[in-house]
Amino acid sequence: MLGAATSCRIPTVVKGFYNAGVPFVAGARIVKLRRITVVIASCFTAISPALAEHTLHTPEVSVWEKMPQPLPSLTGSGLAADAIARMRAHTSDTASILEALPGISLYRAGGVSSLPVIRGLGDDRLRIKVDGMDLISACANHMNPPLSYIDPAHVASIRAIAGVTPVSQGGDSIGGTIIVESAPPEFSEHPGELLMKGLASTFYRSNNHARGINLSALIANEQVSLRYTGSMVEANNYKAGGNFKPAGQAAAGRGWLSGREVGSTAFKAENHAMALGLRHENHLVELKLGVQNIPYQNFPNQRMDMTDNDSEQVNLRYTGLYDWGTLQANVYHENTRHSMNFGDDKQFWYMDAPGMPMETRGKNTGFKVQGDIVVSERDLVRVGSELQRYRLDDYWPASGSGMMMGPGTFQNINNGERDRLAVFGEWEARWNQSWLSQFGVRHEHVRTNAGRVQGYNTMGGMMGYGDPNNPLTIPGAFNAADRSETDHNIDLTALARYTPNAQQVYEAGYAMKTRSPNLYERYTWSTNNTMVMNMNNWYGDGNGYVGNLNLDPEVAHTLSIAANWHDAAQEKWALKATPYFTYINDYIDAVACNEVGKTCPLRPDGFVNLSLDNQRARIYGIDVSGQLSLLSASEFGNLGLRGLVSYTRGKNLTSGEDLYRIIPLNMRLALDHRLGAWQNTLELKLVDSKDRVQDVRQELKTAGYGLLNVYSSYQWKQVRFDVGIENLLDKYYDDPMGGAYLGQGATMGTGVLYGTAVPGMGRSINTSLTVTF
Ligand SMILES: [Cu+2]
């Protein structure tokens with residue numbers, strides 16, 4: 001099936017209704033059915049109608065076939081449930097699942113905290129929605145990004161829009177959008193019958209001895225559904241591949257911790273959630289409570305480790321079907337307590353100071369309402385509003401008797417505030433069988449502010465941080481400045497799709513998108529010493545950073561074109577090419593401190609201290625993907641070939657330098673075999689050498705590499721067994737997106753020297769057993 005690598009995010013309520021077999025096909029409801037179908041179609045599916053039928057098991061096939069796929073379909077991509085199930089056996093990092101999609105790469109960080117990048121734009125430049133919530137990294141190192149709050153075991157659907165994101169799905173971002181949903185509520189299909197089901201799985205991965213369990217249990221009748229999900233994972237440090245000794249390691253005069261063990265890569269995480277679903281006629285309400293605890297997650301490319309992350313989430317969602325269309329609303333609150341210090345592999349004692357405790361508190365409250373209004377057979381209008389209230393405190397308690405970290409508390413960000421209020425409107429029109437268009441406009445009001453600050457002490461001199469009331473000192477100047485900023489941001493999108501016949505589809509679009517600076521970019525203030533600057537680093541490059549109060553929002557102009565050619569039945573072959581071009585005004589990039597009037601300390605360890613400024617940037621590239629069926633329904637089963645090539649080039653036009661962390665030319669080639677309940681994949685991943693690096697950050701060059709992975713799974717009644725070997729040849733490689741290695745030693749002082757990249761994982765044999773009941 002050519003559409004197998006894609007899936008659709010079906011609005012929860014629609015899926016719930018279909019599961020319950022609500023008879024929308026009854027004659028009197030034909031009109032309503034059409035409307036609902038339009039809404040179903042509005043889930044931005046990239047799938048063929050044939051697969052849609054398959055996914056929903058609906059009897060309303062004919063209506064599905066008549067409806068066009070909504071925009072954008074070609075630049076969005078998702079993973080089929082089966083592909084997600086397979087990935088669960090091999091990773092506990094939800095972002096890693098996305099790597100299989102065109103145009104997506106990862107900034108590697110901790111074991112469950114990778115940051116996805118879409119076409120060269122990552123981290124806060126993407127809109128990432130987890131069950132409709134806009135989560136925010138509450139950490140100066142972005143150790144707890146949105147996808148770290150959901151375990152892969154609980155991901156029911158994951159999808160990325162790489163090109164022109166519709167304004168209803170975007171906001172406060174200049175890159176694409178990632179939408180992750182856990183399982184929607186399920187209800188019993190027969191009156192008086194209780195639906196009970198569950199899943200238990202366990203896994204083991206040899207390289208880092210990662211082990212864990214995942215559980216889910218559901219009990220439901222026709223109106224009420226209650227689901228528990230839980231997951232636990234614990235992993236040791238991983239080992240790099242064994243057949244090559246890294247040049248950077250030798251130059252730095254250090255070996256790995258022991259053998260090929262990569263320091264600060266161990267982690268442990270636990271997630272639990274309870275979801276209550278209520279259904280009444282055309283209305284669905286879901287209340288979800290989630291808790292997360294990460295007792296430790298170490299970071300090989302940060303000077304600190306996560307020593308605790310506690311989060312509670314409350315999420316209330318409503319979906320209703322009305323005569324005019326659908327109404328969706330959600331309100332959520334998330335509370336994070338994040339602690340950092342040095343983990344096992346980093347030096348803990350500095351004189352009499354027990355490490356460097358750092359605390360972050362984030363409070364995030366949001367609301368979104370959206371109506372999808374069916375105006376006519378041709379026109380669908382989406383209108384909505386979104387608001388978010390975010391509070392952040394980042395403070396570092398005193399440590400030891402020295403003046404470097406005492407005797408008071410260092411306020412990194414005090415009473416940080418970031419509030420968003422947005423309204424949007426979108427119009428989708430189907431002009432005829434061949435043409436579909438979509439226009440959107442969004443206004444977003446982003447207000448940020450931060451309170452007065454002080455350093456560990458208020459003394460003058462070399463060791464002192466300065467009197468916060470004296471505007472001539474570093475904290476004093478920050479306190480005297482006007483820190484409240486209000487940005488009025490406009491997003492615009494225009495998209496069209498042309499389907500001349502059953503063998504080809506073309507899409508083209510333009511978007512203007514805006515992102516306001518985050519609190520760390522705007523409000524980190526201290527240039528007192530390198531130690532403090534080192535702690536503010538959400539880039540993984542080992543440098544020190546200080547924010548800039550004068551930063552303006554980034555505004556990106558993106559042109560994206562997509563073409564899809566395939567056989568008429570969409571069964572034998574398909575080829576998709578999506579070139580893109582983005583020009584970004586006021587792109588926030590690293591600059592030397594003196595360029596923004598700051599004086600930063602010089603440092604002897606080879607790293608640099610930097611600030612941020614608005615620059616101009618340009619990113620262009622192309623993603624090409626294709627599929628070919630080699631054997632179908634033969635006695636040997638089905639055999640197919642999948643391929644994906646991505647090229648991205650990013651340049652800072654102000655400095656003339658290459659942009660930081662752009663993945664080199666890369667390719668994936670996979671041979672898939674399926675025979676009954678048995679599935680096998682042989683995958684080759686090739687990544688070119690990284691020669692284009694950003695000099696101002698002293699980004700490291702990395703050599704090209706190739707990895708071979710094999711995956712196999714077998715389903716026997718209610719038991720599923722997965723086994724795979726990743727990096728089969730145990731190849732050593734430096735991860736071009738892994739940042740600078742800081743995983744061991746005295747990371748606060750000069751105990752770690754510049755020049756070592758973080759290596760990727762060596763060979764790992766992964767197994768997983770899943771039982772459903
Ligand atoms: Cu942190």
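Whatever order the structure lists ligands and atoms in, that order sets their numbers, starting from 1.
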For this session: For the Cu ion (ligand 1), decide whether M340 has an N, O or S atom at a distance under 2.8 Å.
Result: yes
For this session: Give a yes or no on whether H338 keeps an N, O or S atom under 2.8 Å from the Cu ion (ligand 1).
Result: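 Yes, since at least one N, O or S atom of H338 sits under 2.8 Å from the Cu ion (ligand 1).
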Problem set entry | Residue pairs involving residues 517-529 (criterion salt bridge (charged side-chain N to carboxylate O under 4.0 Å, His left out); sequence neighbours excluded) |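 Those involving residues 517-529 are D487-R522, R515-E521.
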Exercise. Are the aromatic rings of W525 and F410 close, with centres under 6.0 Å apart?
Worked result: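 Yes, the ring centres sit under 6.0 Å apart.
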For this session: Could you tell me the angle subtended at the Cu ion (ligand 1) by SD of M143 and SG of C139, rounded to 10°?
Result: 110°
Problem set entry | With H154 via ring pair (Phe, Tyr, Trp, His ring centres under 6.0 Å) - residues at least two apart | none
For this session: Mind telling me whether Y539 and Y660 have parallel, tilted or perpendicular rings, with 30° and 60° as the class edges?
Result: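 Perpendicular, since the angle between the ring planes exceeds 60°.
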